[in-house]
Amino acid sequence: MAEVKMEIGNDGVAVITISNPPVNALAIPIIAGLKEKFDEANRRNDVKAIVLTGKGGKFSGGFDINVFEKVHKTGDISLLPDVSVDLVVNTIEDSRKPIVAAVEGLALGGGLELAMGCHARIAAPKTQLGLPELTLGIIPGFGGTQRLPRLVGLSKAVEMMLLSKPILSEEGKKLGLIDAIVSSEDLVKVSQLWAIGIVEGRKPWIRSLHRTDKLGSLSEAREILKVARQQARKTAPNMPQHQVCLDVIEEGVIHGGYSGVLKEARDMKHLVLSDTAKGLVHIFFSQRATSKVPNVTNVGLKPRPIKKVAVIGGGLMGSGIATALLLSNIYVVLKEINSEYLQKGIKTIQANVQGLVSKGKLPRANADKVLSMLKGVLDYSDFKDVDMVIEAVIESIPLKQKIFSEIEKICPSHCILATNTSTIDLNIIGEKTTSEDRIVGAHFFSPAHVMPLLEIVRTEKTSAQVILDLMTVGKAIKKVPVVVGNCTGFAVNRTFFPYSQGALLLASLGVDVFRIDKVITNFGLPLGPFQLQDLAGYGVFLATAKEFVNAFPDRTFKSPLIELLVKSGRNGKNNGKGFYLYQRGSRPKPDPTVLPIVEESRQLTNIMPGGKPISVTDQEILEMVLFPVVNEACRVLDDGVVVRASDLDVASVLGMSFPAYRGGIVHWADMVGPKHVYASLKKWSQAFGNFYKPSKYLEERATKGVPLSAPAVSSTASRSRL
Ligand SMILES: C[C@H](O)CC(=O)SCCNC(=O)CCNC(=O)[C@H](O)C(C)(C)COP(=O)(O)OP(=O)(O)OC[C@H]1O[C@@H](n2cnc3c(N)ncnc32)[C@H](O)[C@@H]1OP(=O)(O)O
């Protein structure tokens with residue numbers, strides 16, 4: 001239950017405790033409770049000093065993000081209480097009695113801001129301290145933009161806020177954010193003594209907002225902010241909160257902390273209503289919702305331990321998957337068909353691990369231990385005690401069928417039989433076995449040890465236990481598992497197939513390929529469709545295209561362009577020459593010599609109206625590439641391939657790097673408006689054919705004014721593949 005308690009000890013110290021499991025979020029009743037208890041403590045004659053702490057080993061995960069969601073749904077900004085001035089400045093910082101924060105576990109966002117309003121901070125070891133508000137599209141709103149620079153210095157504070165990077169209490173102590181670190185058991189006791197120390201004048205009574213000693217000179221401050229602004233323009237070009245955060249910090253540096261607090265409160269409220277905040281808050285909750293899968297996570301099943309996994313195939317995917325498992329202390333048996341391929345696979349894993357060491361992401365000392373958990377094999381003898389097999393061989397149906405019949409016999413009966421196929425129907429892969437209940441798709445995205453998404457593909461026969469086990473392994477290896485149904489391309493590849501198709505069609509209509517890529521990267525995807533094709537490899541593209549043409553012949557656009565590129569000796573990044581030129585040590589450069597090949601492809605498709613290139617705005621280019629993706633997302637929703645629309649948003653962000661601040665593909669389409677998407681597709685389908693034909697789902701929702709993300713109505717729910 002959400003509550004704030006106060007206990008007054010014989011020493012005259014009131015201990016105020018926030019209790020709102022699981023993370024002690026500062027929900028509205030908690031804020032009201034804090035105000036009430038602080039007022040009471042200040043009034044009472046038997047209270048000399050106050051300690052503020054959180055129950056259950058966590059100080060606070062910050063302001064209740066659900067309130068932002070409510071503001072987004074209602075548009076009612078008055079739902080946000082005045083915490084910054086009323087509670088943090090007037091009640092806490094200007095309290096007549098000293099207040100010490102006893103922080104443990106985590107103090108994030110509003111949690112850290114409350115602590116910074118107190119007159120001292122005592123922390124347990126390894127407590128996370130941070131202001132991650134920018135990841136939600138807002139800025140700190142309880143005075144954090146003013147107090148953090150005053151406690152840790154401007155440079156560090158800017159870094160912590162702009163990168164939303166938490167620090168541990170040990171670093172906090174060195175920086176001056178934390179006054180002392182004591183064990184968790186002694187935390188409240190020491191904080192009480194510290195508070196009495198302030199009353200008795202043995203410890204300083206510090207109001208952070210009044211400090212200026214760590215801000216440096218005005219010119220130094222301006223220089224730091226100038227550099228930060230330049231960096232933010234590069235790293236977060238489409239998001240307003242970074243520049244606003246720096247403006248608010250500057251206000252406090254120039255006109256004083258209180259003036260900064262007032263500007264912060266005003267600007268925070270504006271930002272809460274921004275599309276960026278709507279998108280990012282949506283993704284925050286959507287990502288957490290993916291852990292809730294009906295009939296899997298709510299039926300009392302317990303995940304079984306997965307300690308040893310066999311990976312079949314040491315190519316790019318297999319070695320990436322093996323790396324991810326090893327990094328999470330799971331034993332891996334890597335199987336290949338000959339020692340040459342096996343050595344290649346092992347070398348790739350070693351290089352992956354080494355790469356993490358050189359980037360500082362893995363301590364050098366851990367690298368040997370990680371690699372010692374790997375065993376390379378050429379036969380199945382080590383498969384007798386594995387808990388899971390992940391097959392990652394080439395996309396060949398007979399080969400996969402053979403492998404699954406073999407492993408079914410060799411592996412223990414509890415062993416999960418997973419495939420990393422990205423296109424082949426799981427029912428076909430499992431057809432020749434009697435183990436279809438333990439066959440599941442574990443679809444990783446390349447590079448598998450880096451990309452965060454794991455699509456878990458289930459068939460009608462996959463057991464709930466197997467899905468739960470794979471979800472648990474997925475989380476253990478730091479992926480975000482999203483459970484999806486079985487269909488060509490599953491959720492992500494199916495939804496995004498029209499991404500490259502739309503781009504190829506536009507190129508055939510006479511639009512410059514590099515302009516298309518630029519428009520898409522300006523929108524926020526890291527790579528345009530042509531550069532993405534270069535990177536993914538043309539072989540993969542052609543093989544996938546074949547699958548899609550077979551599965552959805554009514555809506556595929558057949559372009560000869562990639563085949564022409566291959567014929568002319570281009571192979572994308574693989575051989576350094578695609579739409580772009582790839583040279584070691586320099587950024588990919590658009591290659592103008594590819595343009596005659598694009599022209600040849602145009603002549604062959606011959607779809608330019610009147611033989612002339614169409615004239616389009618950048619906005620039209622964007623929509624002609626992304627609306628077909630939205631259209632396919634609608635079909636994916638209609639077919640029940642995902643549990644909920646927001647799962648597709650998360651999958652698009654984590655699997656395709658669709659900008660999180662646009663909320664994922666379905667959320668974005670709802671912001672743009674289904675009516676506009678529908679009308680545009682209809683217009684283009686009349687001009688350019690079936691590729692653009694709006695789906696029934698889109699048509700229905702656009703005409704009825706129902707958001708694309710609204711839960712399915714019963715007639716479509718019956719088609720669910722989950
Ligand atoms: C005005 C102020 O400046 C504005 C703010 O304070 S904005 C809030 C700033 N704080 C944050 O951004 C922190 C957000 N939370 C997190 O990063 C992580 O949840 C965490 C590090 C606290 C804990 O992570 P982890 O242990 O993996 O648990 P996680 O699954 O994320 O969260 C547990 C539950 O708490 C909820 N939760 C976490 N932080 C929350 C918050 N600030 N408000 C509301 N709910 C929150 C999650 O939604 C989840 O709910 P569910 O179980 O119903 O799905």
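Read the numbers this way: they start at 1 and go in the same order the structure lists the ligands and their atoms.
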Distance-only side-chain donor-acceptor flag, Ser184 / Glu104, under 3.5 Å:
yes
Please list, by chain and number, the protein residues whose heavy atoms come under 4.0 Å of ligand 1.
Pro22, Val23, Ala25, Gly61, Gly62, Phe63, Asp64, Ile65, Asn66, Phe68, Leu106, Leu108, Gly109, Gly110, Glu113, Pro132, Glu133, Leu136, Pro140, Gly141, Phe142, Met268, Phe284, Phe285, Arg288, Lys292
Do Lys35 and Thr91 have side-chain atoms, one donor and one acceptor, less than 3.5 Å apart?
yes
For Val642, which of Asp649, Val484, Val483 qualifies under side-chain contact (heavy atoms from CB on, under 4.5 Å)?
Val484
Who are the salt bridge (charged side-chain N to carboxylate O under 4.0 Å, His left out) partners of Lys214, not counting sequence neighbours?
none
With a 3.5 Å cut-off and sequence neighbours excluded, list the donor-acceptor pairs that the side chains of residues 662-669 form with protein atoms.
{"from": "Arg662", "atom 1": "NE", "to": "Phe523", "atom 2": "O", "distance (Å)": "2.9"}
{"from": "Arg662", "atom 1": "NH2", "to": "Phe523", "atom 2": "O", "distance (Å)": "2.9"}

Which residue pairs satisfy the side-chain hydrogen bond (donor to acceptor under 3.5 Å, both in side chains) criterion with at least one member in residues 106-135, sequence neighbours excluded?
His119-Trp205
